[in-house]
2 protein chains.
Amino acid sequence: MNTTPAKPFDPVRDANEKALRTAHHLLKDTRFASLATLDAEGHPFASLVSFALDRAGAPFLFVSRLSAHTQHLLANPRAALLVGEPGKGDPLAHARMTVQCLAEPIAKDSDDVILLKTLYLARHPKAQLYADFPDFIYIRLKPLGASLNGGFGKAFRLTADEVRLK
Amino acid sequence: MNTTPAKPFDPVRDANEKALRTAHHLLKDTRFASLATLDAEGHPFASLVSFALDRAGAPFLFVSRLSAHTQHLLANPRAALLVGEPGKGDPLAHARMTVQCLAEPIAKDSDDVILLKTLYLARHPKAQLYADFPDFIYIRLKPLGASLNGGFGKAFRLTADEVRLK
């Protein structure tokens, strides 16, 4: 007797090559994103952030310790980054991707900081204005996986490895 | 002896009249937002949604039960909605607001549905295409409070009552 339960309908497919290209385009060519964090009570919070990519293709932030989202990430690393570049017309028709991730604050005296600063300023030249403010820190968002929405009915899941650029 | 601990520096102020005007403008004149939810493991998730306002000034969604965010909200009502209308230039220089909220799914046979449908279609006429799809439901997002960011260094908190339109 086959006791395997019927698999529930899952509208989300594993990412194909075209989906991965779209995903990497979004990460490489988007400068701003929405960040979901957890506040001190474990309630979701959402904020606008700028981000860049490290050499391994993981997103990272450059944020003030005074910001709510930074305080959230330092207390609880669980987060998600929604990247997308809305064009003309209905934003829901444009591709966007949710990367679920874990925040890893980078120590000020880490060797990583010089490279992250270079990469961040290349993408956000105006951040030069606050690049040396003492309350700002780099936080890497280590991808756990992602959901790509390529428009109505086109949903794909990506593994942590697939999120990173080749 | 005064044992009151020194109050930590709080860069967030209570909302003044101008901040409330900005907040209500964002809620009234923005059609899309980022929604933060919690997945089955309690990890934050972020997605793009369209929204409208009910008669009491609370945001509500019209979403498919097949969507990840809908499944999250039905299992755990804790959510946040990030509203903002990025204009030209640096999005971080434009006003945006995070409304922390609790999701309240509206029963299909509720009297509310007719009014919510009218309000939703007035703001999103193209939703007529899927207005009667059986998997779509209305979900009210009952505000708990909000954080308004009016650009660098201009942060305000709003109470649940202040989030609602007068």
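Letters A, B, ... are given to chains in the order of the sequence lines, protein chains preceding strands, and every chain is numbered from 1.
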Pick from Ala33(A), Gly42(A), Pro44(A), Ser34(A): which one has the most heavy-atom pairs with chain B under 4.5 Å?
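Going by pairs under 4.5 Å, I would pick Pro44(A).
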
Greatest number of heavy atom pairs closer than 4.5 Å to chain B - which of Cys101(A), Ala155(A), Ala68(A):
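The candidate making the most pairs under 4.5 Å is Cys101(A).
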
task = Measure Gln71(B) against the heavy atoms of chain A and call it side chain, backbone, both or neither at under 4.5 Å.
result =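 Contact with chain A is absent: no heavy atom of Gln71(B) under 4.5 Å.
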
Practice problem: Take Leu81(B) and Thr98(B) through the side-chain contact (heavy atoms from CB on, under 4.5 Å) test and state the conclusion after the steps. | Solution: CA-CA 6 Å; Leu81(B) 194 70; Thr98(B) 305; over 6 Å; no

Contact part of [X] toward chain B, heavy-atom cut-off under 4.5 Å: side chain, backbone, both or neither?
X        : value
Leu35(A) : neither
Asn76(A) : neither
Phe45(A) : both
Thr37(A) : backbone

*asked:* Would you call the rings of Tyr130(B) and Phe136(B) parallel, tilted or perpendicular, taking 30° and 60° as the class edges?
replied: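 Because their plane-to-plane angle lies in the 30° to 60° range, the rings of Tyr130(B) and Phe136(B) count as tilted.
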
**Study point:** Cationic tip of Arg123(B) above Phe51(B) ring, under 6.0 Å, 45° of axis
**Key:**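 Positive - Arg123(B) is close enough to the ring of Phe51(B) and near enough to its axis.
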
query: Same cluster or not: are Leu144(B) and Leu141(B) linked, directly or through other Ile, Leu, Val, Met, Phe, Trp or Tyr residues, by side-chain heavy atoms under 4.5 angstrom apart?
result: no

Could you check whether His124(B) and Phe32(B) have their ring centres less than 6.0 Å apart?
yes

